[in-house]
Amino acid sequence: MAKQEDLFKTIVAHAKEYGFVFQSSEIYDGLSAVYDYGQNGVELKNNIKRYWWEAMTMLHDNIVGIDSAIFMHPTIWKASGHVDAFNDPLIDNKDSKKRYRADVLIEEELAKFDDKADKEVAKARKRFGESFDEKLFRETNPKVAELSKKKEELHKRFSDAMNANDLNELRQIILDYEIVDPISGTRNWTDVRQFNLMFKTEMGSTADGAMDVYLRPETAQGIFVNYLNVQKTGRMRIPFGIAQIGKAFRNEIVARQFIFRMREFEQMEMQFFVRPGEELKWFQKWKETRMKWHKTLGLGDEKYRFHDHDKLAHYANAATDIEFQMPFGFKEVEGIHSRTNFDLGQHEKFSGKKIQYFDPELNESYVPYVIETSIGVDRMFLSVFCSCYEEQMLEGGEKRVVLHFPAPLAPVKCAVLPLVKKDGLPEKAKEIQQKLRFDFTCQIDEKDSIGKRYRRQDAIGTPYCITVDHQSLEDNTVTLRHRDSMEQQRVNIDDLESILAEKVSINSLLRKLVE
Ligand code: ATP
């Protein structure tokens with residue numbers, strides 16, 4: 001674990017050093033759990049958003065986008081249940097004075113059973129070598145069976161407590177399992193209390209009577225309250241979806257793990273409106289579609305898994321998370337929820353407006369059911385960043401740090417490097433860059449040795465370096481260096497655009513999605 005923690009620290013430092021992510025307000029000592037994206041970070045983030053947006057709105061004839069305001073009428077949050085129920089169960093350690101989410105402490109305890117079982121499997125694999133049958137071992141080994149039984153016991157107690165909102169029982173579990181504060185190492189815990197996560201502010205001048213408003217904790221409600229507008233003006237027929245990318249705000253108490261848990265973050269959400277009774281079929285369909293979107297990036301299929309919810313949110317009748325293997329374990333990146341007709345039904349009730357769909361095939365009106373896919377841009381960024389980071393030892397003892405970004409997501413697609421800063425090579429390089437810049441983020445770099453320039457581009461994940469040498473002036477060719485293999489290929493300058501387009505465009509990913 002310590003190794004993984006060190007690796008994570010190195011990755012965070014790299015993100016800062018190479019202009020991906022900065023602490024917000026750093027010169028004022030920072031603002032906790034708020035981050036800014038730098039010159040390379042913003043490009044990576046925009047590419048992730050583009051991949052999602054185009055996959056949703058361009059590859060589905062029945063999905064359209066909107067961009068709703070962050071401020072909304074406060075009654076919306078009453079109707080959605082967020083004012084009353086958007087809480088986290090918190091517990092304080094009296095010695096360290098640190099506050100934790102009780103549910104997260106218990107989930108971490110649960111994960112320890114898996115870790116122990118994995119260790120047993122790893123030991124056995126070493127022992128048996130080639131002939132090792134993992135499935136059989138997991139089914140028959142008494143130690144693994146015992147761990148799985150113990151995990152199941154805790155799991156049941158935990159989900160019962162969460163479902164019953166039993167805060168005393170959550171505390172009791174923490175005591176019974178002797179969970180200690182990672183900082184103080186003690187078990188001196190307070191009671192568990194609920195804490196609302198919404199930020200509140202005032203709108204309008206006090207003289208006119210200011211109104212309390214909230215910074216939205218999710219983008220979804222902006223879609224629900226525009227359901228009728230979009231359905232009518234877009235003449236949408238069920239099933240159809242509305243997609244949105246935008247900021248969300250949560251007063252997270254336990255803000256740890258860099259951009260994994262932020263107080264201001266960005267969500268990409270899609271609400272898919274369906275006939276009542278068909279929601280579980282669509283839930284299944286969206287689980288598959290979303291997993292394919294993730295896996296198409298090629299970060300490694302084994303890094304993803306589904307995690308079904310133990311405690312369903314107040315609005316859901318089925319829910320799962322897509323988890324990704326971060327350096328600190330498998331963690332939620334995306335939630336897929338079957339939200340029933342709860343939200344539209346509540347808005348009908350609170351607004352007094354009829355929010356229904358007349359289904360011409362059934363010849364009846366109903367409040368549509370909703371499947372939601374909700375992914376955090378920042379968590380997606382973190383999963384891409386962490387899984388692409390590699391420190392490689394090269395022949396001759398040299399080391400390089402390389403970010404193996406999927407080429408369509410890379411902040412800089414290509415860098416044009418004149419071999420020397422004379423003999424007309426910089427001019428030729430400029431000419432190439434001026435041509436490519438209409439289609440690709442394309443840098444020009446003349447400083448330092450060619451080796452150093454390659455390292456700089458590797459460290460920000462540039463998939464292609466184009467080197468201009470003396471031969472380029474004679475026969476209009478350059479070398480194209482591939483980031484991952486470091487292979488160099490001689491190509492004609494006139495072919496660069498088409499070679500790059502095929503590899504680095506978002507289209508190349510979108511095509512794979514429909515294969
Ligand atoms: P968690 O259990 O980790 O707090 P959640 O289940 O509350 O997350 P959802 O409400 O389902 O999260 O939000 C959908 C997505 O929004 C999450 O899958 C995650 O990617 C992202 N997200 C939620 N909270 C944060 C946060 N504080 N910082 C960054 N991303 C977040």
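We count residues from 1, following the sequence as given. All ligand and atom numbering here is 1-based and tracks the order in the structure.
- Taking the side chain as every heavy atom from C-beta outward, F224 and F273 approach each other to under 4.5 Å.
- Annotation for F330 and E323: closest pair CB-OE1, 3.6 Å, computed over non-hydrogen atoms.
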Dump the pairs for me: ligand 1 N or O, protein N or O, distance under 3.5 Å, to 0.1 Å.
| from | atom 1 | to | atom 2 | distance (Å) |
| --- | --- | --- | --- | --- |
| ligand 1 | 3 (O) | R261 | NH2 | 3.0 |
| ligand 1 | 3 (O) | R379 | NH1 | 3.1 |
| ligand 1 | 3 (O) | R379 | NH2 | 3.0 |
| ligand 1 | 4 (O) | R101 | NH1 | 3.3 |
| ligand 1 | 4 (O) | R261 | NH1 | 2.8 |
| ligand 1 | 6 (O) | E332 | OE1 | 3.2 |
| ligand 1 | 6 (O) | E332 | OE2 | 3.4 |
| ligand 1 | 7 (O) | R250 | NH1 | 3.1 |
| ligand 1 | 10 (O) | R250 | NH1 | 3.2 |
| ligand 1 | 10 (O) | R250 | NH2 | 3.0 |
| ligand 1 | 11 (O) | E332 | OE2 | 3.4 |
| ligand 1 | 13 (O) | Q267 | NE2 | 3.4 |
| ligand 1 | 16 (O) | Q267 | NE2 | 3.3 |
| ligand 1 | 18 (O) | E332 | OE2 | 2.6 |
| ligand 1 | 18 (O) | V333 | O | 3.2 |
| ligand 1 | 20 (O) | V333 | O | 2.7 |
| ligand 1 | 20 (O) | G376 | N | 2.9 |
| ligand 1 | 24 (N) | R250 | NH1 | 3.4 |
| ligand 1 | 27 (N) | E252 | OE2 | 2.8 |
| ligand 1 | 27 (N) | M262 | N | 3.3 |
| ligand 1 | 27 (N) | M262 | O | 2.8 |
| ligand 1 | 28 (N) | F260 | O | 3.4 |
| ligand 1 | 28 (N) | M262 | N | 2.9 |

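- Under the rule for a side-chain hydrogen bond (donor to acceptor under 3.5 Å, both in side chains), the partners of E390 that lie at least two apart in sequence or sit in another chain are Q392, H404.
- Sorted by first and then second residue, the pairs that involve residues 33-45 and meet salt bridge (charged side-chain N to carboxylate O under 4.0 Å, His left out), not counting sequence neighbours, are K45-E266.
- With hydrogens and angles left out, the side-chain atoms of H82 and Q221 include no donor and acceptor closer than 3.5 Å.
- Applying the side-chain hydrogen bond (donor to acceptor under 3.5 Å, both in side chains) test to E107 and every residue at least two apart in sequence or in another chain returns nothing.
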